Amino acid sequence: MTFETVYADAPAPDGPALFPTMATMRAMRRLRTDPVPDGTIDQLIQAAVWGPSGGNMQCYEYVVVTDRAVMAELAPLWKRCVDAYLATTGKHAPKGMPEAAYARMVAAIEYQRDHFADTPVLIIPCYKFPEPEFDEEGLAVYAESLGPAGLERMAATQTRFQALAEGSCVYPGVQNILLAARALGLAANVTIWHLMLEQEWKKALGIPEDTHTFAAIPVGWPAGNFGPVRRRPVADVVHRDRW
Ligand SMILES: Cc1cc2nc3c(=O)[nH]c(=O)nc-3n(C[C@H](O)[C@H](O)[C@H](O)COP(=O)(O)O)c2cc1C
(Lines give C-alpha, C1' and ligand atoms only; values in the text may rest on other atoms or scores of the structure.)
Protein backbone atom coordinates (compact mmCIF):
# COMPACT_ATOMS: atom_id res chain seq x y z
CA MET A 1 0.00 0.00 0.00
CA THR A 2 1.53 3.32 -1.01
CA PHE A 3 0.82 6.84 0.06
CA GLU A 4 -0.58 7.56 -3.43
CA THR A 5 -3.15 4.79 -3.15
CA VAL A 6 -4.29 5.85 0.32
CA TYR A 7 -4.39 9.57 -0.12
CA ALA A 8 -5.59 9.77 -3.70
CA ASP A 9 -9.05 11.32 -3.87
CA ALA A 10 -11.64 8.62 -4.39
CA PRO A 11 -13.07 8.68 -7.93
CA ALA A 12 -16.50 10.30 -8.27
CA PRO A 13 -18.90 7.44 -7.61
CA ASP A 14 -21.65 6.15 -9.85
CA GLY A 15 -24.81 4.95 -8.21
CA PRO A 16 -27.63 6.24 -6.05
CA ALA A 17 -27.70 9.80 -4.66
CA LEU A 18 -26.46 8.54 -1.29
CA PHE A 19 -23.13 7.54 -2.86
CA PRO A 20 -21.80 11.05 -3.63
CA THR A 21 -22.91 12.05 -0.10
CA MET A 22 -20.84 9.26 1.45
CA ALA A 23 -17.90 9.88 -0.89
CA THR A 24 -17.63 13.54 0.11
CA MET A 25 -18.52 13.32 3.79
CA ARG A 26 -15.34 14.56 5.43
CA ALA A 27 -15.03 15.26 9.13
CA MET A 28 -15.92 18.95 9.34
CA ARG A 29 -14.32 20.66 12.34
CA ARG A 30 -14.90 24.25 11.25
CA LEU A 31 -18.49 25.22 11.98
CA ARG A 32 -20.40 28.48 11.72
CA THR A 33 -21.88 29.71 14.99
CA ASP A 34 -25.45 30.11 13.66
CA PRO A 35 -27.94 28.02 15.63
CA VAL A 36 -29.52 24.88 14.19
CA PRO A 37 -33.35 24.81 14.44
CA ASP A 38 -34.79 22.29 16.92
CA GLY A 39 -36.79 20.59 14.14
CA THR A 40 -33.56 19.97 12.22
CA ILE A 41 -31.88 18.53 15.32
CA ASP A 42 -34.90 16.23 15.73
CA GLN A 43 -34.36 15.02 12.16
CA LEU A 44 -30.77 14.06 13.06
CA ILE A 45 -31.89 12.08 16.08
CA GLN A 46 -34.65 10.47 14.02
CA ALA A 47 -31.99 9.33 11.55
CA ALA A 48 -29.96 7.89 14.43
CA VAL A 49 -32.96 6.01 15.78
CA TRP A 50 -33.58 4.51 12.32
CA GLY A 51 -30.25 2.71 12.74
CA PRO A 52 -30.31 -0.91 13.86
CA SER A 53 -29.41 -2.21 17.31
CA GLY A 54 -28.77 -5.78 18.42
CA GLY A 55 -32.06 -7.62 18.99
CA ASN A 56 -33.77 -4.28 18.20
CA MET A 57 -33.31 -3.56 21.90
CA GLN A 58 -32.85 0.19 21.26
CA CYS A 59 -31.17 0.88 24.59
CA TYR A 60 -29.71 4.14 23.26
CA GLU A 61 -30.18 7.64 24.60
CA TYR A 62 -28.96 10.84 22.98
CA VAL A 63 -27.85 13.85 25.02
CA VAL A 64 -28.21 16.97 22.84
CA VAL A 65 -26.47 20.10 24.08
CA THR A 66 -27.38 23.52 22.65
CA ASP A 67 -27.35 25.59 25.87
CA ARG A 68 -24.41 28.04 25.71
CA ALA A 69 -23.74 27.72 29.46
CA VAL A 70 -23.49 23.92 29.26
CA MET A 71 -21.28 24.12 26.18
CA ALA A 72 -19.04 26.62 27.99
CA GLU A 73 -18.68 24.09 30.81
CA LEU A 74 -17.74 21.33 28.36
CA ALA A 75 -15.21 23.41 26.39
CA PRO A 76 -12.39 23.23 29.00
CA LEU A 77 -12.96 19.47 29.32
CA TRP A 78 -12.65 19.12 25.54
CA LYS A 79 -9.47 21.22 25.54
CA ARG A 80 -7.87 18.93 28.15
CA CYS A 81 -8.71 15.86 26.04
CA VAL A 82 -7.46 17.38 22.77
CA ASP A 83 -4.24 18.61 24.39
CA ALA A 84 -3.62 15.16 25.87
CA TYR A 85 -4.15 13.57 22.45
CA LEU A 86 -2.00 16.05 20.53
CA ALA A 87 0.86 15.62 23.01
CA THR A 88 0.88 11.81 22.59
CA THR A 89 -0.75 9.76 19.80
CA GLY A 90 -1.42 12.86 17.75
CA LYS A 91 2.13 14.19 18.00
CA HIS A 92 3.11 12.90 14.56
CA ALA A 93 1.30 12.23 11.31
CA PRO A 94 -0.12 8.69 11.01
CA LYS A 95 2.05 6.37 8.92
CA GLY A 96 1.83 7.31 5.24
CA MET A 97 0.09 10.64 5.74
CA PRO A 98 2.06 13.58 4.34
CA GLU A 99 3.14 16.08 6.99
CA ALA A 100 1.36 18.92 5.16
CA ALA A 101 -1.95 17.02 5.18
CA TYR A 102 -1.53 16.21 8.87
CA ALA A 103 -0.65 19.84 9.67
CA ARG A 104 -3.94 20.91 8.03
CA MET A 105 -5.83 18.34 10.12
CA VAL A 106 -4.12 19.47 13.34
CA ALA A 107 -4.96 23.10 12.48
CA ALA A 108 -8.62 22.10 12.14
CA ILE A 109 -8.48 20.13 15.43
CA GLU A 110 -6.96 23.15 17.18
CA TYR A 111 -9.59 25.42 15.62
CA GLN A 112 -12.35 23.17 16.93
CA ARG A 113 -10.67 23.01 20.36
CA ASP A 114 -10.40 26.80 20.56
CA HIS A 115 -13.99 27.41 19.35
CA PHE A 116 -15.65 24.49 21.13
CA ALA A 117 -17.81 26.74 23.32
CA ASP A 118 -19.37 28.14 20.12
CA THR A 119 -20.37 24.69 18.81
CA PRO A 120 -24.07 25.06 17.90
CA VAL A 121 -25.05 21.48 18.76
CA LEU A 122 -23.23 18.65 20.51
CA ILE A 123 -24.72 15.16 20.39
CA ILE A 124 -23.56 12.50 22.85
CA PRO A 125 -24.83 9.02 21.96
CA CYS A 126 -25.15 6.74 24.99
CA TYR A 127 -25.95 3.06 25.38
CA LYS A 128 -26.60 0.71 28.25
CA PHE A 129 -26.60 -2.95 27.32
CA PRO A 130 -29.02 -4.96 29.49
CA GLU A 131 -27.49 -7.47 31.89
CA PRO A 132 -27.26 -10.92 30.26
CA GLU A 133 -29.80 -13.42 31.55
CA PHE A 134 -28.09 -16.45 33.04
CA ASP A 135 -30.36 -19.00 34.74
CA GLU A 136 -29.01 -22.45 35.57
CA GLU A 137 -30.45 -24.17 32.51
CA GLY A 138 -29.26 -21.43 30.18
CA LEU A 139 -25.80 -21.47 31.73
CA ALA A 140 -25.50 -25.21 31.10
CA VAL A 141 -26.30 -24.74 27.39
CA TYR A 142 -23.96 -21.74 27.27
CA ALA A 143 -21.10 -23.79 28.74
CA GLU A 144 -21.77 -26.75 26.43
CA SER A 145 -22.08 -24.60 23.29
CA LEU A 146 -18.87 -22.66 23.88
CA GLY A 147 -16.84 -25.55 25.31
CA PRO A 148 -14.34 -25.13 28.21
CA ALA A 149 -11.77 -23.18 26.15
CA GLY A 150 -14.45 -20.94 24.65
CA LEU A 151 -15.94 -20.35 28.08
CA GLU A 152 -12.56 -19.36 29.50
CA ARG A 153 -11.89 -16.99 26.59
CA MET A 154 -15.38 -15.50 26.92
CA ALA A 155 -14.78 -14.83 30.63
CA ALA A 156 -11.42 -13.22 29.86
CA THR A 157 -12.86 -10.99 27.13
CA GLN A 158 -16.19 -10.14 28.75
CA THR A 159 -15.34 -6.46 29.15
CA ARG A 160 -14.31 -6.17 25.51
CA PHE A 161 -17.37 -8.12 24.39
CA GLN A 162 -19.66 -5.82 26.35
CA ALA A 163 -18.00 -2.66 25.01
CA LEU A 164 -18.12 -3.93 21.43
CA ALA A 165 -21.73 -5.10 21.80
CA GLU A 166 -22.80 -1.65 23.02
CA GLY A 167 -20.67 0.14 20.42
CA SER A 168 -22.09 -2.02 17.64
CA CYS A 169 -25.58 -0.99 18.74
CA VAL A 170 -24.87 2.71 18.81
CA TYR A 171 -22.44 3.42 15.95
CA PRO A 172 -24.89 2.64 13.11
CA GLY A 173 -26.99 5.50 14.54
CA VAL A 174 -23.89 7.70 14.73
CA GLN A 175 -23.18 7.12 11.04
CA ASN A 176 -26.81 7.94 10.26
CA ILE A 177 -26.40 11.25 12.12
CA LEU A 178 -23.39 12.10 9.96
CA LEU A 179 -25.22 11.18 6.75
CA ALA A 180 -28.40 13.02 7.75
CA ALA A 181 -26.38 16.10 8.71
CA ARG A 182 -24.70 16.08 5.31
CA ALA A 183 -28.06 15.60 3.56
CA LEU A 184 -29.50 18.59 5.46
CA GLY A 185 -26.55 20.82 4.55
CA LEU A 186 -25.07 20.53 8.05
CA ALA A 187 -21.61 19.36 9.01
CA ALA A 188 -20.41 17.13 11.83
CA ASN A 189 -17.54 15.00 13.00
CA VAL A 190 -17.35 11.97 15.20
CA THR A 191 -15.05 12.40 18.17
CA ILE A 192 -14.20 10.03 21.00
CA TRP A 193 -11.43 11.84 22.87
CA HIS A 194 -13.96 12.82 25.55
CA LEU A 195 -13.54 9.19 26.72
CA MET A 196 -10.24 10.26 28.30
CA LEU A 197 -12.33 12.19 30.86
CA GLU A 198 -15.62 10.31 30.49
CA GLN A 199 -16.49 10.54 34.21
CA GLU A 200 -16.16 14.33 34.15
CA TRP A 201 -18.29 14.61 30.98
CA LYS A 202 -20.95 12.36 32.46
CA LYS A 203 -20.99 14.39 35.67
CA ALA A 204 -21.29 17.68 33.76
CA LEU A 205 -24.21 16.27 31.75
CA GLY A 206 -25.92 14.27 34.49
CA ILE A 207 -25.51 10.99 32.58
CA PRO A 208 -26.16 8.02 34.90
CA GLU A 209 -23.13 6.18 36.25
CA ASP A 210 -24.06 2.87 34.57
CA THR A 211 -24.62 4.37 31.11
CA HIS A 212 -21.70 4.56 28.68
CA THR A 213 -21.02 7.36 26.22
CA PHE A 214 -19.73 6.51 22.76
CA ALA A 215 -19.00 9.77 21.00
CA ALA A 216 -19.31 13.52 21.14
CA ILE A 217 -20.51 14.83 17.80
CA PRO A 218 -20.23 18.58 17.17
CA VAL A 219 -22.81 19.68 14.58
CA GLY A 220 -23.37 22.96 12.80
CA TRP A 221 -23.47 24.68 9.43
CA PRO A 222 -20.15 24.12 7.64
CA ALA A 223 -17.55 26.87 7.59
CA GLY A 224 -15.18 24.76 5.47
CA ASN A 225 -15.60 22.87 2.22
CA PHE A 226 -16.61 19.27 1.70
CA GLY A 227 -14.68 17.27 -0.86
CA PRO A 228 -13.77 13.74 -1.80
CA VAL A 229 -12.67 11.60 1.14
CA ARG A 230 -9.24 9.99 0.89
CA ARG A 231 -9.45 6.27 1.45
CA ARG A 232 -7.70 3.05 0.53
CA PRO A 233 -8.87 1.55 -2.77
CA VAL A 234 -11.39 -1.27 -2.46
CA ALA A 235 -9.02 -3.72 -4.18
CA ASP A 236 -6.46 -3.14 -1.39
CA VAL A 237 -8.82 -4.01 1.43
CA VAL A 238 -10.80 -7.00 0.17
CA HIS A 239 -9.91 -10.61 0.94
CA ARG A 240 -12.13 -12.82 -1.18
CA ASP A 241 -13.28 -16.05 0.44
CA ARG A 242 -10.39 -16.07 2.94
CA TRP A 243 -7.66 -13.71 4.16
C1 LIG B 1 -14.45 6.22 15.73
C2 LIG B 1 -13.93 7.57 15.34
C3 LIG B 1 -13.38 8.39 16.30
C4 LIG B 1 -12.90 9.65 15.95
N5 LIG B 1 -12.42 10.47 16.94
C6 LIG B 1 -12.05 11.73 16.63
C7 LIG B 1 -11.69 12.63 17.67
O8 LIG B 1 -11.72 12.30 18.86
N9 LIG B 1 -11.33 13.89 17.32
C10 LIG B 1 -11.34 14.31 16.02
O11 LIG B 1 -11.01 15.47 15.76
N12 LIG B 1 -11.70 13.47 15.00
C13 LIG B 1 -12.07 12.21 15.29
N14 LIG B 1 -12.48 11.35 14.29
C15 LIG B 1 -12.51 11.82 12.88
C16 LIG B 1 -11.40 11.16 12.05
O17 LIG B 1 -10.14 11.66 12.48
C18 LIG B 1 -11.63 11.45 10.57
O19 LIG B 1 -12.87 10.94 10.20
C20 LIG B 1 -10.54 10.82 9.73
O21 LIG B 1 -9.31 11.48 9.96
C22 LIG B 1 -10.82 10.87 8.24
O23 LIG B 1 -10.99 12.19 7.83
P24 LIG B 1 -12.25 12.57 6.95
O25 LIG B 1 -13.44 12.04 7.66
O26 LIG B 1 -12.21 14.07 6.88
O27 LIG B 1 -12.05 11.94 5.62
C28 LIG B 1 -12.96 10.09 14.60
C29 LIG B 1 -13.53 9.26 13.63
C30 LIG B 1 -14.02 8.02 13.99
C31 LIG B 1 -14.64 7.15 12.94
Side-chain angles (χ1 to χ4, degrees), residues 1 3 5-13 19-31 48 51 60 74-119 121-127 160 163-183 186-198 200-201 212-220 222-234 237:
M1 191 174 69
F3 154 73
T5 59
V6 176
Y7 288 100
D9 287 348
F19 281 36
T21 303
M22 291 192 289
T24 58
M25 195 177 67
R26 287 186 185 160
M28 179 65 70
R29 300 182 179 88
R30 295 176 197 271
L31 303 174
Y60 37 61
L74 297 176
L77 283 180
W78 182 241
K79 179 173 164 27
R80 287 167 65 192
C81 296
V82 174
D83 288 348
Y85 174 83
L86 289 178
T88 52
T89 314
K91 203 166 187 174
H92 303 290
K95 194 165 167 274
M97 188 189 275
E99 287 297 336
Y102 190 59
R104 282 195 299 275
M105 185 164 138
V106 170
I109 289 169
E110 289 172 342
Y111 178 92
Q112 186 165 52
R113 176 195 64 192
D114 298 342
H115 296 80
F116 200 78
D118 298 327
T119 302
V121 187
L122 187 71
I123 303 176
I124 293 109
C126 305
Y127 209 87
R160 179 167 185 265
L164 285 177
E166 289 182 335
S168 321
C169 290
V170 83
Y171 288 124
V174 168
Q175 181 71 3
N176 276 5
I177 289 176
L178 299 184
L179 288 169
R182 187 84 175 79
L186 287 161
N189 72 307
V190 186
T191 76
I192 57 164
W193 298 332
H194 78 287
L195 292 171
M196 290 187 249
L197 291 173
E198 191 189 20
E200 286 84 345
W201 283 73
H212 298 127
T213 64
F214 288 85
I217 311 171
V219 181
N225 296 317
F226 286 109
V229 297
R230 295 175 173 186
R231 301 290 189 261
R232 296 167 65 191
V234 170
V237 301

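FYI, side chains are in, hydrogens and waters are out, and symmetry mates aren't considered; it's all heavy atoms of this structure. Read the numbers this way: they start at 1 and go in the same order the structure lists the ligands and their atoms. All values reported here derive from a predicted model rather than from experimental measurement.
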Atom 29 (C) of ligand 1: closest protein heavy atom, distance to 0.1 Å, is V190 O, 3.9 Å
One should read off an interatomic distance between E198 CD and M196 CE, to the nearest 0.5 angstrom, of 12.0 Å
Quick check: I192 and ligand 1, any N/O pair under 3.5 Å apart? yes
I'd like to check L122 versus W78 (side-chain heavy atoms, cut-off strictly below 4.5 Å). Are they in contact?
no
Atom 25 (O) of ligand 1 has as its nearest protein heavy atom A27 N, 3.0 Å
A student checking ligand 1 against N189 at a 4.0 Å heavy-atom cut-off should list atoms 10 (C), 11 (O), 12 (N)
Close approach, H194 and ligand 1, non-hydrogen under 4.0 angstrom
no
Note: V82, heavy atoms under 4.0 Å from ligand 1, region reported as neither
**Report entry** Test of proximity, R29 against ligand 1: N or O pairs below 3.5 Å
**Finding:** yes
*Would you say the side chain of V170 lies within less than 4.5 Å of the side chain of E166, judging by non-hydrogen atoms?*
no
One should read off an interatomic distance between M28 CE and L178 CG, to the nearest 0.5 angstrom, of 12.0 Å
Requested in this report: Check whether any side-chain heavy atom of L31 lies under 4.5 Å from a side-chain heavy atom of H115, and answer yes or no.
Outcome: no
*asked:* Would you say atom 10 (C) of ligand 1 makes contact with the protein, given that contact here means a non-hydrogen protein atom less than 4.0 Å away?
replied: yes
- Query: Any N or O of W193 that comes nearer than 3.5 Å to an N or O of ligand 1?
  - Reply: yes
When rounded to the nearest 0.5 Å, the distance separating CE of M25 from CG of N189 is 11.0 Å
For M105, the ligand 1 atoms with a heavy-atom partner under 4.0 Å come out as 17 (O), 21 (O)
Residues F214 and I192: closest non-hydrogen pair is O-CG2, 3.5 Å
The closest protein heavy-atom partner of atom 23 (O) of ligand 1 is R231 NH1, 4.2 Å
- Query: With a 4.5 Å limit on heavy-atom distance, are the side chains of M22 and R182 in contact?
  - Reply: no
Could you tell me whether atom 20 (C) of ligand 1 has at least one protein heavy atom nearer than 4.0 Å? no
